[in-house]
2 protein chains.
Amino acid sequence: MTRKPERETPHADVPLNQREAAKLATQRAVLAAARDSFEELGFERANLREIAARAQVSAGTVLHYYGDKRALLHAALFEELDTALDDAIAAAQAAPTLLRQLDALTRAVFAYYKARPSLSRVALRESLFADPPWAERFAAQTTRVSEAIATLALAARARGELSASTDPTLLSVTYLSIFYFALIAWVQQTIADPEALVAVQLRHLFPPKENTPDEPQPVPRRRRA
Amino acid sequence: MTRKPERETPHADVPLNQREAAKLATQRAVLAAARDSFEELGFERANLREIAARAQVSAGTVLHYYGDKRALLHAALFEELDTALDDAIAAAQAAPTLLRQLDALTRAVFAYYKARPSLSRVALRESLFADPPWAERFAAQTTRVSEAIATLALAARARGELSASTDPTLLSVTYLSIFYFALIAWVQQTIADPEALVAVQLRHLFPPKENTPDEPQPVPRRRRA
DNA sequence: CTGTTTCGTTGAACACGTTCAACGAAACGC
DNA sequence: GCGTTTCGTTGAACGTGTTCAACGAAACAG
């Protein structure tokens, strides 16, 4: 099974000849049909012939542009995830402390996945293990979030919320590790409240200073045995 | 697409009638054929007809016992992973400090995955997002490792390696988060040295005491701006 | 304007996962 | 021992992802 290359999308901001305009229209129709079909039927039950029929093209045309069913899923969902992550980063930046910033980020991204649990499960699976070129695209997306977190952590350290020995980049990697593990556990229905699991870990790893507003004080720990 | 139930495996330690003995032989032949085929061809290129031919049964028989191709993969690989995890836990227990215990655990489990990168990628994907009843089996497996880690952390705390406020269960969850994220990043070829990424995060989150033998001292951090 | 090239599109064909009706041998019950 | 039931096995059929040869219209070149 050899991967077929994806076809370049013509840009609508330069003059198009007839062919290019038709290509663009076809791709848009296919993407819209795919989004609807995946949304309604889920990834497994949505089938290419039905998506093609929705877009009023043949299944061969669908695959001509998107290579395979997985890549079509990525293409159908990628921008919306990108937007959700942008929104989540913006939500985080509005919070007063790093822990609350990360809470806000966690909540916003989880809200995106929780809006459609079933599709989110397969989307998460396919995005975490995507093939090129989508692997690179998802990695770049993750890097963008990681860098935003590191920036927040750097500022928090400057404010005294983190110890001087905290590495913002490492903190961002640790946050993403915790986030993704909780997300996987949630889509697998192993845990019910992923946000809480993320939040409690963050507070154990990066205890809030004693004077942090609106932040519960660390729970007293059992003394050394 | 409805899941077919998996067929019970007869136990070879009780007397079997002719049928049960034949069932057992069939299941063993199918599993061995599947292991070989997945190993040689990878999951996608291995196909059920070829596996069935290797086992000298029909494809219908393969699916009769294992439900679908994914479940066959799980069945083919599960015990070996279980054994690898047991070995990794044992290797961890032999180390003198928690950080080195976790290093040993990390190394041992990564060695299992690194022995066959391509198959590991799909095995990891399918195990993290398994359907019932395999979801429960993998979750139980993960819980077993988590509990072993928590036990190590509890002892480490008693020895003074961790602060009194460290929660061993949370530590184990955080460790697994970091471990899996690094593992996914490695199978996706985003990072080259997952063990090092895990180790450096652990040392930042749980800095070794200053007198810890064979443990590099924490790198001096940049002072508060 | 005309002949040639390009390429988007199609739908038939193929491969493969999966389903399932039919069969026959083992197991069961009387 | 014989009729009945159970169930492991088979292979044909089906659904779906994918491949690809063929076609015709747009684009190009002279």
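Note on naming: letters A, B, ... go to the chains in the order of the sequence lines (proteins, then strands), and numbering restarts at 1 for each one.
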Distance in angstrom units between [X] [atom1] and [N] [atom2], rounded:
X         : N       : atom1 : atom2 : value
His64(A)  : dG17(D) : NE2   : P     : 19 Å
Leu72(B)  : dC16(C) : CG    : P     : 16 Å
Asp68(A)  : dT19(D) : CG    : P     : 8 Å
Glu126(A) : dG17(D) : CD    : P     : 13 Å
Arg19(A)  : dA27(D) : CZ    : P     : 7 Å
Asp131(A) : dT18(D) : CG    : P     : 11 Å
Glu20(B)  : dC28(C) : CD    : C1'   : 13 Å
Asn17(B)  : dC7(D)  : CG    : C1'   : 11 Å

Most 5' of Ala22(B) and Asn47(A) on DNA chain D, judged by nearest nucleotide: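 The answer here is Ala22(B).
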Pairwise 5' ranking along DNA chain D for Ala46(A) and Gln18(A), keeping only the more 5' one: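 This one resolves to Ala46(A).
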Gln141(B)/Asp82(B) under side chain to side chain contact (heavy atoms under 4.5 Å, CB included): CA gap, chis, key distance, verdict: CA-CA 7 Å; Gln141(B) 204 179 49; Asp82(B) 228 40; 2.8 Å; yes
[X] side chain: which of [options] is closest?
X        : options                  : value
Ala59(A) : dT18(C), dT18(D), dG8(C) : dT18(D)
Tyr65(B) : dG17(C), dT9(D), dG17(D) : dT9(D)
Leu63(A) : dT9(D), dA26(D), dT19(D) : dT19(D)
Thr61(A) : dT10(C), dG8(C), dT18(C) : dT10(C)

Below 4.0 Å: OP1/OP2 of dG8(D) and any side-chain N or O of Thr26(B):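 No, Thr26(B) has no side-chain N/O under 4.0 Å of OP1/OP2 on dG8(D).
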Base dG15(D) to side chain Arg49(A), donor-acceptor N/O within 3.5 Å cut-off: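 Side chain to base: no pair present.
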Whether His74(B) and Trp134(B) hold their rings parallel, tilted or perpendicular, with breakpoints at 30° and 60°: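 Aromatic pair His74(B)/Trp134(B) classed tilted.
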